[in-house]
**Student:** 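The structure's right below; bear with me while I get my questions together.
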Amino acid sequence: MKYKAALFDFDYTLGDATDSIYEGYCYGFERMGYPQPGLEEVRRTVGHILEDGFTMITGVAEEDKRREFRGWFQEKVEGRQAELTKLFPGAEELLRELHRRGVKLGVVTSKRATTLRDILTRYGLLELMDFTIGGEMVKLPKPDPEGLDRGIEAMGVEKKEVLYCGDTTIDAATARNSGVDFAAVLNGTTPAADFEGYPHVHIAPDLVDLKDWLGI
């Protein structure tokens with residue numbers, strides 16, 4: 001395998017936190033006096049920062065309202081995401097085999113870093129990671145490549161040796177903006193056709209297929 005480092009998005013790439021995310025949205029909307037959002041509406045926001053997800057559903061763009069929503073959301077889901085998040089089939093096997101083969105691993109996500117690390121710790125995977133970064137740790141969210149570039153620098157690898165895997169066109173654009181290879185994983189709400197306009201080396205229907213494609 002030509003890659004010396006593999007970095008991943010988390011939500012709908014490695015894991016499914018829909019239950020806790022939906023709880024947080026419903027609680028925030030109730031506290032702010034908005035109608036309860038539909039589950040599919042919320043699922044389509046996953047991969048965006050919370051504030052943008054709030055605006056996507058409500059159409060409300062005032063920064064004070066966006067900040068207020070984040071506060072209510074965090075109040076509800078604090079600790080719940082680690083408890084409720086499920087890994088997708090093949091995720092643990094993929095990560096452990098990459099680690100066994102000496103491939104450096106990282107996660108670059110819009111999720112809060114503390115939440116991400118709690119989830120990885122629950123599944124015994126944090127110790128495999130060479131790099132993790134959450135949305136609050138960068139100046140600009142994806143598709144800005146700041147988080148990905150920081151991970152590559154910290155790992156001490158060249159960009160031609162890096163694969164970034166994600167489930168949205170935001171992830172695809174992040175890889176393109178960084179200049180690294182991208183593999184799409186269809187665990188989320190983005191169909192395969194949407195990735196055709198972005199550079200990619202593979203479109204995997206799931207993580208089992210991604211592992212097979214990598215030849216491990």
**Student:** Testing the 3.5 Å rule here: is there a donor-acceptor pair between the side chains of Asp167 and Thr190?
**Tutor:** no

**Student:** Under the salt bridge (charged side-chain N to carboxylate O under 4.0 Å, His left out) rule, collect the residues that match up with Arg101, sequence neighbours excluded.
**Tutor:** Glu97

**Student:** Are side-chain heavy atoms of Phe195 and His202 found at a separation under 4.5 Å?
**Tutor:** no

**Student:** Quick one: pull up CD in Glu30 and CH2 in Trp72 and give me the separation to the nearest 0.5 Å.
**Tutor:** 10.5 Å

**Student:** Among residues at least two apart in sequence or on other chains, which ones pass side chain to side chain contact (heavy atoms under 4.5 Å, CB included) with Ala113?
**Tutor:** Arg117, Glu136, Met137

**Student:** Using the test side chain to side chain contact (heavy atoms under 4.5 Å, CB included), find all partners of Asp206 that sit at least two apart in sequence or belong to another chain.
**Tutor:** Asn187, Val208, Asp209

**Student:** Do Phe54 and Tyr25 have ring centroids that are under 6.0 Å from one another?
**Tutor:** no

**Student:** Just checking, any donor-acceptor pair under 3.5 angstrom between side chains of Asp171 and Thr168?
**Tutor:** yes

**Student:** For Glu127, which residues count as a side chain to side chain contact (heavy atoms under 4.5 Å, CB included) partner, sequence neighbours excluded?
**Tutor:** none

**Student:** Please enumerate all residues that pass side chain to side chain donor-acceptor pair (under 3.5 Å) together with Glu92, with sequence neighbours excluded.
**Tutor:** Arg96

**Student:** Using the side chain to side chain contact (heavy atoms under 4.5 Å, CB included) criterion, which residues pair with Glu62? Sequence neighbours excluded.
**Tutor:** Val60, Asp64, Lys65

**Student:** How far does CD1 of Ile203 sit from OH of Tyr198, to the nearest 0.5 angstrom?
**Tutor:** 12.5 Å

